[in-house]
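What you see is a predicted model; the values in this text were computed from it and never measured. Here is how names work: the chains are called A, B, and so on, in the same order as the sequence lines, proteins then strands, and each is numbered from 1.
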Amino acid sequence: MDVYEKIMALARRRGILYKSYAIYGGEAGFYDYGPIGSIMKNNIENEWRNFYIIKERFYEISTPSITPYDVLKASGHVDEFIDKIATCKKCGRSFKVEELKDGKCPICGGDVEHGEMNLMFETYIGAKKKDKAFLRPETAQGIFVDFPFLYEFFRKKIPFGVVQIGKGFRNEVSPRQGVLRLREFSMAEAEIFFHPENKRHENFEEYKDRKLRLLPAGMDEMEMRLEEAVKRGIIGNEALAYYMALTHEFLTKVGIDENKIRFRQHEKDELAHYANDCWDAEIFMQRFGWVECVGIADRAAHDLMAHMKATGVNMYASGEKKVKRKKIKPKMDKIGKEFKAKAMKVKESLEKGVVKNGKVEIELDGEKIELDEQFFEVEEVEEQEKYIPHVIEPSYGIDRIFYAVLEHNYKEMKKEGENYVVLSIPPSIAAIKAGVFPLVAKDGLPEIAKEIEAELRKNRIMAFYDEKGSIGRRYARMDEIGTPFCITVDYQTKDDDTVTIRFRDTTEQIRIERNAIVKWIEERIK
RNA sequence: GCGGGCGUGAUCUAGCUGGUUAGGAUAUGAGCCUUCCAAGCUCAAUGCCCGGGUUCGAAUCCCGGCGCCCGCACCA
């Protein structure tokens with residue numbers, strides 16, 4: 001049994017993960033988070049919120065999973081998200097259509113069968129199934145289409161960021177590897193809008209000396225200070241570098257092993273249809289090697305531009321600078337006389353035209369004509385600079401991070417010949433913060449322990465009371481789900497109102513005053 | 001999607017040359033015991049992935065489906 005199998009067995013046994021629809025035989029690509037797993041996942045997501053909402057001052061929104069056809073047509077997903085697959089009838093191999101040689105199998109020359117795969121789940125809106133729609137492949141589009149409102153909300157100040165945590169859906173060809181490749185998965189995405197020429201981050205200073213393990217496209221792995229990486233153009237801009245550092249900090253905070261994180265830049269031909277540049281945070285997992293868990297992409301103006309083109313809605317932001325511009329003012333009295341009914345068309349083309357040698361060339365009904373200065377005058381105007389903001393997008397696969405947290409904190413040891421499992425996750429991520437036990441279930445000890453458990457819960461601390469079995473067994477159960485502390489009420493408690501607190505990772509115990517418990521725990525689970 | 005292997009209580013597994021009370025271990029629940037690390041004793045619940053076929057009779061043989069694992073392909 002490798003670690004993966006051990007972890008999935010533990011997850012199953014302790015209510016962390018279940019295979020979905022198991023009683024119907026299961027469905028590939030879907031997993032349930034059980035009672036303990038759900039809390040842990042929420043804790044990870046809340047830690048993420050702590051970074052992006054509290055620290056970065058962004059806001060979270062929540063938009064629908066079902067997305068109308070037009071939106072994803074505009075974003076490019078309808079066309080780009082299709083994989084055209086050809087399968088050879090002779091040797092059975094599958095290829096991308098571009099790989100075929102003269103329409104035949106590139107390996108054996110056999111005839112091929114064409115198939116198409118769009119990775120989006122299709123659905124319909126309304127009873128008549130008239131309007132085609134998709135389950136969103138990413139949460140990002142919901143943010144982009146709200147840009148005009150959000151820009152207003154942030155009082156037209158750029159940069160600003162908006163985040164969303166939610167489900168994304170991709171109809172994977174063959175999902176395997178448990179929770180690492182799901183058809184329905186949780187993602188946490190931040191869309192940060194920048195001026196195209198100013199992708200700096202005001203807090204870059206904080207991370208500029210941090211060294212990250214980098215794997216730039218076409219280069220060897222290196223470890224480099226972020227400031228230097230930006231200066232040397234290895235990382236395209238400060239904002240990308242900043243969010244790489246933030247990602248690194250977040251991952252280690254939730255319990256990922258720092259030595260198992262690296263940042264790999266996408267090769268040009270590997271980039272998504274919407275991305276200019278992209279760095280993945282990859283996490284090392286024993287069975288699967290380096291796995292992409294976070295993508296930090298520079299999406300440039302791709303999405304806002306696409307939605308503006310499709311809807312005509314203005315996606316411009318106005319800059320602080322004023323720009324001087326030469327503006328062509330058509331002379332309508334002349335144009336009207338000359339072009340009659342076509343005058344409006346001429347005016348429109350002329351306004352968009354460029355002056356060359358005192359003339360402007362325009363196209364009228366497919367015909368090129370030149371207009372000289374009797375039809376227009378040139379005026380110098382001062383306008384507010386306007387631009388379509390660029391987007392930097394850190395996008396986190398929560399389920400993959402969740403699994404990595406389990407794996408990196410799974411500790412197995414021998415205890416009197418038996419395998420003993422401890423999940424050494426950070427206390428902030430643990431589902432249950434404290435187990436509360438009477439040393440033995442008699443002589444009034446259970447009553448005291450129950451009071452302590454209730455008091456912890458009153459203070460919003462997830463505590464768990466247990467009096468069954470031997471004390472060792474109760475500790476062991478808590479260790480397996482990563483409960484960092486166990487509080488035990490013993491006979492001395494009746495004398496002096498103290499309890500023992502036992503540490504998960506060392507099994508050491510200390511004794512503290514009963515009335516100090518809540519504060520003591522609170523301080524250690526942040 | 002292609003090829004190969006596999007599928008027995010919650011978990012690991014015995015049984016698999018067809019014969020019926022499907023066995024064990026661990027875990028779980030109840031009780032007893034227990035003054036700090038999965039101790040012990042008693043009892044209990046949970047199973048042959050699903051469907052079809054062959055047969056007097058299928059966990060066992062055959063076919064299909066689903067799932068899992070490995071390789072190929074795919075993975076914005």
Please report, to 0.1 Å, the donor-acceptor pairs under 3.5 Å made by any side chain of residues 300-311 of chain A, with sequence neighbours excluded.
unit_1, atom_1, unit_2, atom_2, d
A/Asp303, OD1, A/Gln141, NE2, 3.1
A/Asp303, OD1, A/Arg299, NH2, 3.1
A/Asp303, OD2, A/Arg299, NE, 2.8
A/Asp303, OD2, A/Arg299, NH2, 3.4
A/His307, NE2, A/Gln141, OE1, 2.7
A/Thr311, OG1, A/His307, O, 2.6
A/Thr311, OG1, A/Val313, N, 3.0

Nearest whole Å is fine: how far is B/rU11 P from A/Tyr18 OH?
12 Å
State which of B/rC68, B/rC69, B/rC36 makes the closest approach to the side chain of A/Leu439.
B/rC36
Describe, in one word, how the ring planes of A/Tyr403 and A/Tyr4 are oriented to each other, choosing from parallel (under 30°), tilted (30 to 60°) and perpendicular (over 60°).
tilted
Quick one: which residue pairs count as a side-chain hydrogen bond (donor to acceptor under 3.5 Å, both in side chains) with a foot in residues 7-19 of chain A, not counting sequence neighbours?
A/Arg13-A/Glu480, A/Arg14-A/Glu480
For A/Asp497, check salt bridge (Lys or Arg N to Asp or Glu O under 4.0 Å) against everything at least two apart and list the hits.
none
Here the gap from A/Ile256 atom CD1 to A/Cys293 atom SG, rounded to the nearest 0.5 Å, amounts to 7.0 Å
Need one value for A/Arg176: base, sugar-phosphate or nothing, where a base atom within 4.0 Å counts as base even if backbone is also close, heavy atoms only.
base
Close N or O pairs between protein and nucleotides 62-64 of chain B (under 3.5 Å):
none

Could you measure between the two P atoms, the one in B/rG24 and the one in B/rC33, and give it in whole Å?
28 Å
I need the full list of salt bridge (Lys or Arg N to Asp or Glu O under 4.0 Å) pairs touching residues 272-283 of chain A, with sequence neighbours left out, sorted by first then second residue.
A/Arg262-A/Glu282, A/Arg264-A/Glu282
Sequence neighbours excluded, the answer for salt bridge (Lys or Arg N to Asp or Glu O under 4.0 Å) partners of A/Arg473 is none
What I want to check is whether the side chains of A/Glu189 and A/Ser395 have a donor and an acceptor closer together than 3.5 Å.
yes
Are any protein N/O atoms closer than 3.5 Å to N/O atoms in nucleotides 6-8 of chain B? If there are, list each pair with its distance.
none

Salt bridge (Lys or Arg N to Asp or Glu O under 4.0 Å) partners of A/Glu27, counting only residues at least two apart:
none
By salt bridge (Lys or Arg N to Asp or Glu O under 4.0 Å), which residues pair with A/Glu407, not counting sequence neighbours?
none
With both distances kept under 3.5 Å, what pairs with B/rA30, Watson-Crick or G-U wobble?
B/rU42
Counting only Watson-Crick pairs (N1-N3 plus N6-O4 or O6-N4) and G-U wobbles (N1-O2, O6-N3), all under 3.5 Å, who is the partner of B/rG64?
B/rC50
RNA chain B-proximal residues of residues 472-482 of chain A, any heavy atom under 4.0 Å:
A/Gly472, A/Arg473, A/Tyr475, A/Ala476, A/Arg477, A/Glu480
Spacing of A/Lys468 atom NZ relative to B/rA27 atom P, expressed in whole Å
17 Å
Can you sort out which residues in residues 273-301 of chain A have a heavy atom within less than 4.0 Å of RNA chain B? Ascending by number, please.
A/His273, A/Tyr274, A/Arg287
Quick check: do A/Leu439 and A/Ile471 have side-chain heavy atoms less than 4.5 Å from each other?
yes
Value in whole Å for how far the C1' atom of B/rA27 lies from NZ of A/Lys6
17 Å
Going by the rule side chain to side chain contact (heavy atoms under 4.5 Å, CB included), which residues pair with A/Ala454 if we only count those two or more places apart in sequence or in a different chain?
none
Using 4.0 Å as the upper bound for N to carboxylate O, is an ion pair formed by A/Lys199 and A/Glu238?
no
Does B/rG3 have a Watson-Crick or wobble partner in any strand here, with both distances under 3.5 angstrom, and which is it?
B/rC70
